[in-house]
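Data block below; observations after.
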Amino acid sequence: MNTPCPICNATSWSSCYHGSIRMGSFGKKSPEDLDIWECAGCGARHLPPVMADIEAYYKSGEYRDDLSQGNAADAYFKVNDNDQPHRLDLIGMHNLRGKTVADIGCGAGPFLDLVKGIATKTIAIEPNQCYHDSLRQRGHEVYTWAQDVPAETTVDAAVSYSVLEHVEDPLKFLQDIHRLLKPGGTLSLSTPNADDWMVANSPDYAAFFYRKVHLWYFTATALQKLASIAGFDTQVVVFDHRFDLSNAMVWMRDKRPTGNAKIPFDPALNAAWRESLISQGASDYLYATLKKPA
């Protein structure tokens, strides 16, 4: 691969993974082996798109169908509601009180529902048209893409959880959010950690981790480089790990996802496992707070 990196324009890439990737829910695999390419300039990892029209894919709701989750708002809430309080804790409620808040790639909008009582205004930016009526009914201003928001509209704070990895052009994605923000405004985002311990230590997990809808993968360093090129200052990057020791052990044994607590390890051991991965930067997720300079 020798095409210029859309983040840093470097043309030198190396394959950091070669094998099958996930094509939807667990068990759906690519019919052929594919490469994940790492940019020598910025360190971002890239899967060249395997879909012909990515925008249409997300607008139609086909993505949720591929995950066997459907496109009803209630189904989205069932999967995602419990993640929202932790996200708000990382930001701090006081940082959103009285503010205009935009969620880019908000899905059915559970985070916006959580903060609507404290924010002055909530803006939902979501390509999946199936959620738009429900979002409006719950009082959110709705747009399909960040560039659709009128130029005179600015926001104090933006969030974008588990979205960056999906977009074709991550630099343009962040630049569009940068335009939305007032000077001094913040963006809180999350994305899978390319330095995840499981990716490095389980080939079966790596084939599950890399997936057709995730076109970009970032380490903490690569994420900070992207943010800087997009015009942001990085305030903090937090390593977060969502799974216990049991999940890792069962992956090694059964080669499939099972969630937490399948093996009843002592809570102190699970805590030590998570803390060890976090301290090494080898957790499964990254949270970053970026600031638009005043």
I want to check something: taking the side chain as every heavy atom from C-beta on, are Val167 and Leu215 in contact at a cut-off of under 4.5 Å? no
* Measure the shortest side-chain to side-chain distance between Ile229 and Cys8 over non-hydrogen atoms and say whether it is less than 4.5 angstrom. => yes
**Item:** Heavy-atom side-chain contact between Asn80 and Phe111 under 4.5 Å
**Value:** no
Does the pair Gln280 and Ser276 meet the rule for a side-chain hydrogen bond (donor to acceptor under 3.5 Å, both in side chains), with working shown? CA-CA 6 Å; Gln280 297 173 63; Ser276 175; 2.9 Å; yes
Practice prompt. Step by step, work out the side chain to side chain contact (heavy atoms under 4.5 Å, CB included) result for Tyr217 and Cys16.
Written response: CA-CA 11 Å; Tyr217 303 85; Cys16 60; over 6 Å; no
- [ ] In plain terms, say whether Lys172 and Asp176 are close enough for a salt bridge, that is, a side-chain N and a carboxylate O under 4.0 Å apart.
- [x] yes
Would you say the side-chain atoms of Ser283 pair up with the backbone N or O of Ile278, donor to acceptor, closer than 3.5 Å? no
> Are Phe239 and Tyr287 near enough that their ring centres are under 6.0 Å apart?
Replying inline: no
Exactly one of Tyr57, Trp216, Tyr63 clears ring-ring contact (aromatic ring centres under 6.0 Å, His included) with His166, and that residue is Tyr63
- prompt: Hey, do the aromatic rings of His178 and Phe232 have their centres closer than 6.0 Å?
  reply: yes
One should read off an interatomic distance between Lys121 NZ and Thr100 OG1, to the nearest 0.5 angstrom, of 6.0 Å
Partner of Leu96 under side-chain contact (heavy atoms from CB on, under 4.5 Å), picked from Leu114, Thr186, Ile91, Asp156, is Ile91
Paired with Trp251, the ring-ring contact (aromatic ring centres under 6.0 Å, His included) test is passed by just one of Phe243, Trp197, Phe208, Phe209, namely Phe208
*Should we count NZ of Lys116 as having more than 12 external heavy atoms under 6.0 Å?*
yes
inquiry  = Quick test of your reading of the model: are Asp113 and Arg138 salt-bridged, counting only N-O distances below 4.0 Å?
reply    = yes
Residues Arg179 and Val149: closest non-hydrogen pair is NH2-O, 3.5 Å
NZ of Lys182: more than 12 outside heavy atoms within 6.0 angstrom?
yes
So OG of Ser190 and CD of Glu165: to nearest 0.5 Å the spacing works out to 7.0 Å
Inset, instruction - Mark yes or no for whether Asn2, through its side chain, and Thr11, through its backbone, hold a donor-acceptor pair below 3.5 Å. - result: no
Between Ile177 and Val155, is there a shared hydrophobic cluster once you connect ILVMFWY residues whose side-chain heavy atoms come closer than 4.5 Å?
yes
Got Pro257 and Tyr205 here, is their nearest side-chain heavy-atom distance under 4.5 Å?
no
Worksheet item: Less than 4.0 Å between a side-chain N and a carboxylate O, is that true for Asp133 and Arg136?
Response: yes
- Flag, side chain of Arg22 to backbone of Gly24, donor-acceptor distance under 3.5 Å: yes
Applying side chain to side chain contact (heavy atoms under 4.5 Å, CB included), run through Thr144 and Gln129 and close with a yes or a no.
-> CA-CA 8 Å; Thr144 299; Gln129 306 298 295; 3.2 Å; yes
**Item:** His46 ring center near Trp37 ring center (under 6.0 Å)
**Value:** no
Side-chain donor/acceptor of Ser15 to backbone N/O of Tyr17, under 3.5 Å: yes
Under a single-linkage definition using a 4.5 Å side-chain heavy-atom cutoff for Ile, Leu, Val, Met, Phe, Trp and Tyr, are Ile104 and Leu90 assigned to the same hydrophobic cluster? no
Closest non-hydrogen atoms of Ala248 and Met198, given as atom of the first, atom of the second and distance, are CB-SD, 3.8 Å
Assigning hydrophobic clusters by single linkage (Ile, Leu, Val, Met, Phe, Trp, Tyr; side-chain heavy-atom cutoff under 4.5 Å), is Tyr285 placed with Leu245?
no
query = Tyr161, Leu180: one ILVMFWY side-chain cluster at the under-4.5 Å cut-off?
reply = no
So CG of Asn260 and CG of Asn247: to nearest 0.5 Å the spacing works out to 6.0 Å
Correct closest heavy-atom pair for Ala230 and Leu174 would be CB-CB, 3.7 Å
Exam field: side chain Asp169 to backbone Leu171, donor-acceptor pair closer than 3.5 Å: yes
Practice prompt. Run the numbers on Glu141 and Tyr143 for side-chain hydrogen bond (donor to acceptor under 3.5 Å, both in side chains), then give the verdict.
Written response: CA-CA 7 Å; Glu141 193 172 302; Tyr143 300 94; 2.6 Å; yes
Note: Asp33 and Ser20 closest approach over all heavy atoms is OD1-N, 3.3 Å
**Report entry** Donor-acceptor contact present, side-chain Thr154 to main-chain Leu181, <3.5 Å
**Finding:** no
Item checked: Heavy-atom check, side chain of Met1 versus side chain of Asp35, under 4.5 Å -> no
#### Entry: Beyond-backbone contact of Ile7 with Pro170, side-chain heavy atoms, under 4.5 angstrom
yes
**Asked** Transitively linked via ILVMFWY side-chain contacts under 4.5 Å: Leu277 with Leu269?
**Response** yes
- For the side chain of His241 and the backbone of Asp196, is there at least one donor-acceptor N/O pair under 3.5 Å apart? no
Exercise for the section: Before giving the answer on side chain to side chain contact (heavy atoms under 4.5 Å, CB included), spell out for Leu34 and His18 the whole-Å C-alpha distance, their side-chain angles and the decisive distance to 0.1 Å. Expected result: CA-CA 6 Å; Leu34 298 171; His18 179 79; over 6 Å; no
Rounded to the nearest 0.5 angstrom, the CD-OG1 distance for Glu38 and Thr219 is 7.5 Å
Rounding to 0.5 Å, atoms NE2 (His140) and SG (Cys106) come to a distance of 7.5 Å
What I'd like to find out is whether the side chain of Ile118 reaches to under 4.5 Å of the side chain of Val101, using heavy atoms alone. no
Side chain to side chain contact (heavy atoms under 4.5 Å, CB included) between Leu290 and Gln235, worked out = CA-CA 6 Å; Leu290 313 178; Gln235 291 190 299; over 6 Å; no
Report yes if some heavy atom in the side chain of Asn71 is under 4.5 Å from a heavy atom in the side chain of Asn128; otherwise report no. yes
Heavy-atom nearest pair, Pro293 first then Gly231, reads CD-O, 3.2 Å
Taking the basic N atoms (NZ, or NE/NH1/NH2) and the acidic carboxylate oxygens, is any pair closer than 4.0 Å for Asp233 and Lys291?
no
Met252, CE: over 12 other non-hydrogen atoms inside 6.0 angstrom:
yes
CG (Asp103) and OG1 (Thr122) are apart, to the nearest 0.5 Å, by 9.5 Å
_Within the 3.5 Å criterion, strictly below it, is a donor on Tyr76 or Asp81 matched to an acceptor on the partner's side chain?_
no
CG (Asn82) with more than 12 external heavy atoms under 6.0 Å: no
Heavy-atom closest pair (Gly41 atom, Lys225 atom, distance to 0.1 Å) is O-NZ, 3.7 Å
